[in-house]
Student: 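Okay, handing you the structure first.
A, B, ... follow the sequence lines: proteins, then strands. Residue 1 opens every chain.
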Amino acid sequence: MQILPESPLVAAPIETRFGVFIARFSEIGLAQLSFPHESQPIATCSIVSPQIRSWCNQTEEALQNALQNGSAQGFPPFDLRRGTEFQQRVWRALQTIKAGETMTYSGLAAAIYQPTAVRAVGSACGANPIPVLIPCHRVLAANRKIGGFSGGLQWKELLLEIEGQDGFVRLI
DNA sequence: CAGGATCTACTTG
DNA sequence: CAAGTAGATCCTG
């Protein structure tokens with residue numbers, strides 16, 4: 001079930017103490033956030049609407065805070081149209097997990113009233129287009145193991161550590 | 001149709 | 001305990 005207008009996105013680099021993240025905006029909000037990558041792509045367009053500039057500032061502010069103490073606030077609107085209905089439900093549920101708290105894949109499945117779709121929930125987490133701000137890193141496996149992370153487990157560990165959750169057991 | 005960021009129950013060192 | 005196995009489950013491309 002895709003509902004995609006497929007509009008072009010405006011990319012903006014965001015410098016943090018952990019590297020340069022890249023945020024991409026559509027006409028209705030932040031659509032994607034990627035972790036620092038080796039390659040330093042991006043043809044930066046300096047002429048963007050004040051609307052996007054504003055969202056960009058909010059994103060930067062929120063990201064900086066998230067990476068500093070885990071307390072992020074003042075988010076720009078999110079454009080999650082890329083996701084299927086199922087994925088959007090999961091991503092919405094993710095946003096209810098507060099910083100410093102933690103959840104399990106099965107708990108999340110139960111939260112969206114599909115207690116048996118545990119595995120599918122894991123996949124949906126992996127498809128989260130806005131990591132960090134949509135806290136998929138706060139989801140651990142039921143056995144107190146860390147589970148996986150598409151951006152690389154190091155990031156998940158780092159984020160959890162920043163939020164004071166370091167009691168989990170590493171999986172591998 | 002195969003393949004995941006899972007889970008539970010069970011069996012073995 | 002830790003580690004490995006089997007089967008159940010269900011969204012995706």
Student: Taking the six-membered ring where the residue is Trp, are the ring centres of A:Phe149 and A:Trp155 under 6.0 Å apart?
Tutor: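 No, the ring of A:Phe149 stays outside the 6.0 Å limit from the ring of A:Trp155, centre to centre.
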Student: Can you pull every protein N or O that's under 3.5 Å from an N or O on nucleotides 11-13 of chain B?
Tutor:
none

Student: Taking the P atom in each of B:dA5 and C:dG7, what is the distance between them to the nearest angstrom?
Tutor: 22 Å
Student: Can you give me the closest heavy-atom contact between A:Leu67 and A:Phe21, atom names plus distance?
Tutor: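 Closest approach of A:Leu67 to A:Phe21, heavy atoms only: CD1-CE1, 3.9 Å.
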Student: Using a 4.0 Å heavy-atom cut-off across all strands, classify A:Tyr105 as base, sugar-phosphate, or nothing.
Tutor: base
Student: Considering only heavy atoms, which members of residues 119-137 of chain A lie under 4.0 Å from some atom of DNA chain C?
Tutor: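 Close to the strand are A:Arg119, A:Ala120.
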Student: What stem regions, each of at least 3 consecutive Watson-Crick or G-U pairs below 3.5 Å, can be found for DNA chain B?
Tutor: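 Expected stems, ordered by start: B:1-4 with C:10-13, B:6-13 with C:1-8.
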Student: Would you kindly give the NZ-to-P distance between A:Lys145 and B:dT6, to the nearest whole Å?
Tutor: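 My rounded result for the distance is 13 Å.
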Student: Look at atom CD of A:Glu15 and say whether more than 12 heavy atoms of other residues, nucleotides or ligands are closer to it than 6.0 Å.
Tutor: no
Student: Mind calculating the distance between CG (A:Leu159) and C1' (B:dA5) to the nearest angstrom?
Tutor: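 Going from A:Leu159 (CG) to B:dA5 (C1'), I get 14 Å.
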Student: Search all heavy atoms of A:Ser26 against all heavy atoms of A:Trp55 and return the closest pair with its distance.
Tutor: O-CZ3, 3.5 Å
Student: Kindly give the heavy-atom pair with the smallest separation between A:Ile134 and A:Asn128, and that separation in Å.
Tutor: O-ND2, 2.9 Å
Student: What is the distance from CD of A:Glu85 to C1' of C:dG13, rounded to the nearest Å?
Tutor: 18 Å
Student: Which heavy atom of A:Gly70 sits nearest a heavy atom of A:Ala99, and at what distance?
Tutor: O-CB, 3.4 Å
Student: Using atom types as modelled and distance alone, determine if a side-chain donor or acceptor of A:Ser150 lies under 3.5 Å from a backbone N or O of A:Gly126.
Tutor: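 Yes; at least one donor-acceptor contact below 3.5 Å.
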Student: Just how far, in rounded Å, is C1' of C:dT12 from CH2 of A:Trp91?
Tutor: 12 Å
Student: When we call it a touch if two heavy atoms are under 4.0 Å apart, what does A:Thr116 touch: a base, just sugar-phosphate, or nothing?
Tutor: sugar-phosphate
Student: Dump the intermediate steps for side chain to side chain contact (heavy atoms under 4.5 Å, CB included) on A:Val48 and A:Phe25, then the final yes or no.
Tutor: CA-CA 11 Å; A:Val48 294; A:Phe25 302 87; over 6 Å; no
Student: Output the rounded distance in Å from CG (A:Leu160) to P (B:dA5).
Tutor: 17 Å
Student: Think A:Gln114 has a side-chain N or O under 4.0 angstrom from the OP1 or OP2 of C:dC11?
Tutor: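 Yes, within the criterion.
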Student: So, does A:Ser106 get its side chain near the phosphate of B:dC7, meaning an N or O under 4.0 Å from OP1 or OP2?
Tutor: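 So the side chain of A:Ser106 is within the cut-off, an N or O lying under 4.0 Å from OP1 or OP2 of B:dC7.
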Student: Let me see the working for A:Lys98 and A:Arg138 under side chain to side chain contact (heavy atoms under 4.5 Å, CB included), right down to the final yes or no.
Tutor: CA-CA 9 Å; A:Lys98 293 178 251 174; A:Arg138 310 217 253 252; 5.6 Å; no
Student: The test is side chain to side chain contact (heavy atoms under 4.5 Å, CB included); show your working for A:Phe86 and A:Ile112 and say whether it passes.
Tutor: CA-CA 9 Å; A:Phe86 176 80; A:Ile112 60 173; 3.9 Å; yes
Student: Can you tell me how far apart CD1 (A:Ile146) and CG (A:Leu140) are? Round to the nearest 0.5 Å.
Tutor: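 Going from the CD1 atom of A:Ile146 to the CG atom of A:Leu140 covers 7.0 Å.
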Student: For the pair made of CG in A:Asn143 and P in C:dA2, what is the distance, rounded to whole Å?
Tutor: 11 Å
Student: Does the side chain to side chain contact (heavy atoms under 4.5 Å, CB included) test come out yes or no for A:Val121 and A:Val139, once each step is laid out?
Tutor: CA-CA 10 Å; A:Val121 162; A:Val139 186; 5.9 Å; no
Student: Of the options C:dC10, B:dT8, C:dT12, whose atoms approach the side-chain atoms of A:Ala117 most closely?
Tutor: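 Of the options given, the side chain of A:Ala117 lies nearest C:dC10.
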Student: Given atom CD of A:Gln88 and atom P of C:dT12, what is their separation to the nearest angstrom?
Tutor: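 These atoms are roughly 10 Å apart.
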Student: In whole angstrom, give the distance that lies between atom CD of A:Glu157 and atom P of B:dA5.
Tutor: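 It is 16 Å, rounded to the nearest whole Å.
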